[in-house]
Amino acid sequence: MVRCALVRCAVAVALASSAVVATPWAAGAAENRPPEQPTPTELATGGEECARGAERPAVRTRPQLRAVLRDPDAQPVSAKFEISWRDGAGERQVRSIRTTSKSSGSAFSWTVPDDVPPFTEVSWRVRASDGSAWGPWSSGGGKGKCEFVYDDKAPAEPSVSSAEYPDDDQWHDGVGVRGTFKAASSSDDTVAYVYRFMGETPKTVRTEQPGGAAEFSWLPQSDGPGSVTVQAQDRAGNRSAPTTHRFLVKEGGKPAAHWKLADPAGSSEAAAEEGGKAAKAGSGAVFGAEGPARTAVGPAVELDGSAEAFLTPGAPAVDTGKAFAVSAWVRPGETGRAMAAVSQDGGGRAAFRLGGEGDGAFSFALAGPDGSVVRAKGGKPERGEWAHLAGVYDPVDKTARLYVNGRLVDTVENAGAVRASGDAQIGRALGDTGQGRNWAGRIADVRAWNRVVVPEEAARLAEREAVREGHWALDEAAGGVSQDQDGGQPLRLGGDAKIFGGEQQCDPIDPQCVPGRDPMVGAGELELDGVGDFAATDGPVVDTGDSFSLATHVRIDPAADDRTMAVLSLPGEHGNLAALRYTPEQQKWELTLAHEDRAGAETTTLRADNDWATSGDPHHLAVVFDAGTDEVLLYVDGTVAARAPFHRAWRATGGLQAGRVQLADGWGEHLHGAVDDVHAFAGALTERQVAVLRAAM
């Protein structure tokens, strides 16, 4: 045996002892800590958060239980899931499973077994193991187990009824009159009803308590047969077989009050078309003024803006406590102050007023029960220009809407209206200091309804017919002149321009013969060689200060598709109000509008970026300026290719040009190709009307 020296052994023992004392943490680090208790927010039952009692989820399929488990030592862990329930005999049933290991922080899941019974309260819990120790159950410490109910049975098919629109094969109420529908189910676990009206997306309404009925409303937008399909739904998401409730909707009812204001000059009152009460005129109202052109409205009343500029029937027009709408054609004579076209007296102020606020916008204002005033605003009043206004109040969805020239320009939410039984007013509105806001200008065709006016009706009320001012078929041009089909100004051919009639260019029996092309429309087309050729009228054919439309067919010659070429233009003295052209950079159609008649004026440009201007192929182009909405549209082959606001229209003094445009140094951008079937309209064409013109190809 080898013996150590006494001193040496003592030193070794001392060193060993000091090492243990100096690092007490080493022993602690070697001790294993059990996994953490699962966090309730990281437990889920079939996608629903862990809950119990009245908040427990109901699921329609055997759910997947999910838990995120962690270990404080970052060791891999496995999960043990346990579910339990009481069977029909009251015996507790327990099922459990242990999973394979994953890294700490992983999600573990288990789909409950097939023998879990439906309509039974099931509870579950989970814990983690690191292989050496088990962590606490998720239910420990008073946190409780997660619970769920497995429900695989759909509720009973519901019944559906409506007082306004019953399923009885009879015509009821009408467009703009809201109906209430009631759904009921005999199943005591029904918590919601899913309903879908014909042509609309599904919506859901919940019951106040399980098994209860529920109501929902619907506003018909058009007349004719309608239907609503309803399904009952339980907490698990099971839906019943559908019930379809069918009904018939009448067209929108007549106005409750209507004054055309087309009475003869010298009249002292406006006859009532509806409502029975003639509107007596103040001395500042004069009948017989010209009404809005291209409408069926007829004459108008002229108001001078004084305190006597008004008409009143001495009775209310509508019940402002319910749904109502009001409309009028207006032509402001000034725009710098607030003016009311139509209103109805309330308690010391107008319950509503339709007109302008003097801040550059039209408005529909409602006085609320709490004394507040909400305003739907939009559009731009222009002196001497007609516009159609419609204000609509819907108390169910609590909205106030303003339509200008048939288009919705503003919707105000959370709007309320005070019930007022005061007199209707035309041309003024009641305020804090009495009647005021007197209208300066013209008003025509005032209407008021005890119902909602729907968007299609608002658009129809504002329609202004597009009147054809010129149509040049370009089938022939005797003496270099192509006559207007309606007897208006002719298009005079200039340069070497000629009418091409599709004549055969060679002997058809010659094997080398290539058949000639056919005209785009009819028997001929205007052929232009790009070297000074054009066709033009002697003077303007449409008033471009108001709405107008142009349309034509065009074909670009492939030999010249590398240069800019004009199709149509409307020149003034120093520039072009509108120039429709082909641009070679990307082979696109482009419309440029000048803001004033001077060289170098600012312009608005529209480009048909999604439409290829293929050379050699026929295309249909249309330009539509709507002065009512201050918008210009460019159509390519029957559809809108570009649109932009345009507020600076002016009257072009030159004739309509086909195949050229006025430049600073003279005429240029001559077209090399063909133009056919040119149309000019006073008024804005609709998309359908443009499509009809295009179909002539």
Side-chain angles (χ1 to χ4, degrees), residues 19-87 92-152 191-192 204 206 233-238:
V20 172
V21 172
T23 58
W25 54 267
E31 295 178 2
N32 179 62
R33 291 177 292 178
E36 299 173 359
Q37 184 180 27
T39 303
T41 57
E42 294 185 323
L43 305 178
T45 306
E48 300 286 340
E49 293 183 0
C50 174
R52 63 194 58 84
E55 300 301 319
R56 70 175 69 90
V59 294
R60 57 180 174 176
T61 59
R62 292 182 299 107
Q64 184 183 75
L65 312 180
R66 186 179 183 278
V68 176
L69 305 178
R70 293 181 171 84
D71 184 78
D73 302 323
Q75 297 296 316
V77 293
S78 61
K80 182 176 182 179
F81 288 93
E82 179 187 276
I83 62 172
S84 61
W85 69 89
R86 297 284 179 182
D87 62 18
R92 184 170 182 264
Q93 301 292 320
V94 179
R95 306 288 186 271
S96 64
I97 188 175
R98 181 172 180 178
T99 70
T100 57
S101 296
K102 295 184 182 180
S103 59
S104 175
S106 296
F108 294 80
S109 61
W110 177 41
T111 300
V112 301
D114 293 342
D115 59 346
V116 172
F119 308 107
T120 301
E121 295 176 8
V122 182
S123 62
W124 68 276
R125 59 182 182 171
V126 64
R127 66 193 304 193
S129 171
D130 62 6
S132 299
W134 284 98
W137 286 103
S138 58
S139 57
K143 294 183 178 180
K145 296 181 180 181
C146 303
E147 297 177 353
F148 67 89
V149 173
Y150 171 37
D151 180 354
D152 63 350
V191 296
T204 300
R206 302 195 67 82
Q233 179 173 299
D234 63 19
R235 283 190 59 192
N238 297 304

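One-based numbering along the sequence shown.
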* For Val77, the option from Ser103, Pro35, Pro34 that meets side-chain contact (heavy atoms from CB on, under 4.5 Å) ->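 By the side-chain contact (heavy atoms from CB on, under 4.5 Å) criterion, Val77 pairs with just one of Ser103, Pro35, Pro34: Pro35.
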
Starting at [atom1] of [X], measure out to [atom2] of [Y] and round the result to the nearest 0.5 Å.
{"X": "Leu69", "Y": "Ser101", "atom1": "CG", "atom2": "OG", "answer": "11.0 Å"}
{"X": "Asp151", "Y": "Arg60", "atom1": "CG", "atom2": "CZ", "answer": "10.5 Å"}
{"X": "Arg66", "Y": "Glu42", "atom1": "CZ", "atom2": "CD", "answer": "8.0 Å"}
{"X": "Ile97", "Y": "Lys80", "atom1": "CD1", "atom2": "NZ", "answer": "11.5 Å"}
{"X": "Tyr150", "Y": "Thr45", "atom1": "OH", "atom2": "OG1", "answer": "15.0 Å"}
{"X": "Gln64", "Y": "Trp110", "atom1": "CD", "atom2": "CH2", "answer": "12.0 Å"}

* To do: Please report the C-alpha distance between Ser132 and Gln75 in whole Å, then the side-chain angles of each, then the deciding distance to 0.1 Å, and finally whether the side chain to side chain contact (heavy atoms under 4.5 Å, CB included) criterion is met.
  => CA-CA 10 Å; Ser132 299; Gln75 297 296 316; over 6 Å; no

Can you list the residues that meet the side-chain hydrogen bond (donor to acceptor under 3.5 Å, both in side chains) rule with [X], with sequence neighbours excluded?
{"X": "Arg52", "answer": "none"}
{"X": "Thr99", "answer": "none"}
{"X": "Asp130", "answer": "Asn32"}

* Asked: Do Arg62 and Thr111 have side chains that get closer than 4.5 Å, going by heavy atoms?
  ->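 The answer is yes, as the side chains (C-beta and beyond) meet within the 4.5 Å cut-off.
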
* Close side-chain approach of Ile83 and Pro113, heavy atoms under 4.5 Å ->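 Side chain of Ile83 against side chain of Pro113, heavy atoms only: contact under 4.5 Å found.
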
* Would you say Asp234's side chain and Ala236's backbone share a donor-acceptor pair under 3.5 angstrom? ->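 Present.
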
* Asked: For Ser104, does its backbone N or O pair with a side-chain atom of Arg70 as donor and acceptor, under 3.5 Å?
  ->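 Here the side-chain-to-backbone pair does not exist.
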
Please report the closest heavy-atom contact between [X] and [Y], naming both atoms and the distance.
{"X": "Ala107", "Y": "Lys102", "result": "O-NZ, 2.8 Å"}
{"X": "Asp73", "Y": "Asp71", "result": "N-OD2, 2.9 Å"}
{"X": "Gln37", "Y": "Gly140", "result": "NE2-O, 2.9 Å"}
{"X": "Phe108", "Y": "Phe81", "result": "O-CZ, 3.6 Å"}

* To do: Quickly, which of Asp115, Asp114, Asp87 forms a salt bridge (Lys or Arg N to Asp or Glu O under 4.0 Å) with Arg95? Name it, please.
  =>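 In the set Asp115, Asp114, Asp87, the residue that makes a salt bridge (Lys or Arg N to Asp or Glu O under 4.0 Å) with Arg95 is Asp115.
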
* How about Glu49: does its CD atom have over 12 heavy atoms from other parts shown lying under 6.0 Å from it? ->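 Result for CD/Glu49: open.
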
* With sequence neighbours excluded, residues passing side-chain contact (heavy atoms from CB on, under 4.5 Å) with Arg125 ->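 side-chain contact (heavy atoms from CB on, under 4.5 Å) check on Arg125 returns Glu82, Trp137, Ser138, Ser139, Lys145.
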
* Partners meeting side-chain contact (heavy atoms from CB on, under 4.5 Å) with Val149 (sequence neighbours left out) ->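 Val149 satisfies side-chain contact (heavy atoms from CB on, under 4.5 Å) with Arg56, Glu121 once adjacent residues are dropped.
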
* Could you go step by step and tell me if Val112 and Leu65 meet the side chain to side chain contact (heavy atoms under 4.5 Å, CB included) rule? -> CA-CA 7 Å; Val112 301; Leu65 312 180; 3.8 Å; yes

* Asked: Which residue pairs satisfy the disulfide (SG to SG under 2.5 Å) criterion with at least one member in residues 98-144, sequence neighbours excluded?
  ->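 Pairs touching residues 98-144 that pass the test: none.
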
